[in-house]
Number of protein chains: 2
Amino acid sequence: MSTAQGARARARIEVTAAIKDEARRQLAAEGAVKLSLRAVARELGMVSSALYRYFPSRDDLLTALIIDAYDSLGERAEQAHEAGVEVGSLERWVAVCEAVRCWALDHPHEYALIYGSPVPGYIAPQATVPPAARVGLLLIGIVRDAHQGPGGLEELTAVPEDLRTEADRIAADLAPDLPSEVVAALVTAWAQLFGLVGFELFGQFNRVVEDRAPFFRHAVRRLGRGVGLR
Amino acid sequence: MSTAQGARARARIEVTAAIKDEARRQLAAEGAVKLSLRAVARELGMVSSALYRYFPSRDDLLTALIIDAYDSLGERAEQAHEAGVEVGSLERWVAVCEAVRCWALDHPHEYALIYGSPVPGYIAPQATVPPAARVGLLLIGIVRDAHQGPGGLEELTAVPEDLRTEADRIAADLAPDLPSEVVAALVTAWAQLFGLVGFELFGQFNRVVEDRAPFFRHAVRRLGRGVGLR
DNA sequence: GTCTATAACGAGATAGAC
DNA sequence: GTCTATCTCGTTATAGAC
């Protein structure tokens, strides 16, 4: 009985993976907007209604792809982080940023799915929030380590008056142990990192920046310095 | 005869504008991917073949919308620039960045069209390049003014060895009168600016940054400092 | 209980004959 | 320009195989 259940569970996992793989292929070909359950089913030799055993709706399939993408990116970034435990925090920061960039270049359509234009009519459920936070948490962790470690962080100038309250709130939310001007700089750097990646991926750097790897490395090193790393 | 031609020309301009307006409405409702000449025609009470007299293809209509969006954004940014001729260059930098953000918040779907995920199958023609460059040129201009004006720019550290050649090339291309480390910082800041705007617009700041105007102002002020403004 | 297949709905796009 | 026949889509109800 446990074998029968095991086989069924295994089959379910395999079919689920096959559906997502085919869906990712369609994502690359036509974009998230045109992702269709029927086309996925057709390509898999299934009937469309059968897919509803695996994904209650088209939007749930999209959600699964989004979560997978965030997790795939997060895993890659975390690997780069772990590989750099021995180097300085600024080098680790650069390594994580470079991992983000490389993942994006390897998975342009999934990158567009999670960091590009929102899909009209689709509303991301709460379940996407934790996977989406992984890269951000990693960057916070690097800065926290540097803050607590020997040498500490470079002192940053305080945030202006009109940002004080909001910066304190953000810091209390994300990293209560860090100075609020550092957390504000961190959130800024986090957004700017994806600005750099997006500009390269979406063609804004075409005929402007050609040799992109050193350009990116220099830019994210400056970002790291901007949050106080050294 | 010239009156008849004038009337015809006027009518053509009006119909062209009506087509683009309706297309922009569909852009907001369904996204660029699902923009269809047929649906636009239906909504305008025209027959689809009639539209081809105004736009030879769906892609040409898309191109027109993209150029309009870049021009609309560029105009807004240039207005902010001109309104700030009397203030310092850092304040003018901030004003232009805030104009970009405000335009994006006012035109989220057009922003997604030009700075979001590329539309699958659509390839932007060369005609989109000059309008797309307007904001970047404006930012270069601000830094150039500061460089040539009294006080000059803050000294930046040189770019690393592996970026030297590329930074020189970019500087020769975009602003031969500026030091190449400044131009590299400028291009970086340009991308990072749109990272900030995109994160706000595409929902990445939801439940993270709530009071966004002062946050953005502080972030772009730091960006301006990063290119040497003071 | 778990899955797949058939059929159908209403809405929308599309192609071609007229 | 118009009309129609034929496609697509998401989704559901239902029936039957394992």
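Below, chain A is the first sequence line, B the second, and so on; all start at residue 1. FYI, side chains are in, hydrogens and waters are out, and symmetry mates aren't considered; it's all heavy atoms of this structure.
Rounded to a whole Å, the CD atom of Glu14(A) is 13 Å from the P atom of dC3(C). Atom CZ in Arg8(A) sits about 7 Å away from atom P in dC3(C), given to the nearest Å. Counting to the nearest Å, the C1' atom of dC3(C) and the CZ atom of Arg10(A) are 17 Å from each other. Following rounding to the nearest Å, Phe55(A) (CZ) and dT12(D) (P) show an atom-to-atom distance of 16 Å.
In this structure, Phe202(A) has its ring center no closer than 6.0 Å to that of Tyr115(B).
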Output a table of donor-acceptor pairs, distance under 3.5 Å, between side-chain atoms of residues 12-23 of chain B and any protein atom two or more places apart or on a different chain; print 'none' if there are none.
unit_1   : atom_1 : unit_2   : atom_2 : d
Arg12(B) : NH1    : Arg53(B) : O      : 3.4
Arg12(B) : NH2    : Arg53(B) : O      : 3.0
Thr16(B) : OG1    : Arg12(B) : O      : 2.6
Lys20(B) : NZ     : Asp68(B) : OD2    : 2.9
Asp21(B) : OD1    : Arg24(B) : NH2    : 3.3
Glu22(B) : OE1    : Arg25(B) : NH1    : 2.6

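Looking at residues two or more places apart in sequence or on another chain, you find no side-chain hydrogen bond (donor to acceptor under 3.5 Å, both in side chains) involving Asp59(B).
Minimum interatomic distance between Ser180(A) and Arg164(A) (heavy atoms only, all atoms of both residues): OG-NH2, 3.4 Å.
Close to dC3(C), at under 4.0 Å from its OP1 or OP2, lies a side-chain N or O of Arg12(A). Distances shorter than 4.0 Å separate none of the side-chain N or O atoms of Tyr52(A) from OP1 or OP2 on dT12(D).
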*Under 4.0 Å protein heavy-atom contact, by nucleotide of nucleotides 4-17 of chain C - B base, S sugar-phosphate only*: BBB-B----SBB--
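In this structure, Asp211(A) does not pair ionically with Arg169(B), as no charged nitrogen and carboxylate oxygen lie closer than 4.0 Å.
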*Start with the C-alpha distance between Asp106(A) and Arg76(A), add both sets of side-chain angles, then the distance that settles salt bridge (charged side-chain N to carboxylate O under 4.0 Å, His left out), and finish with yes or no.*
CA-CA 11 Å; Asp106(A) 286 348; Arg76(A) 180 93 143 243; 2.6 Å; yes
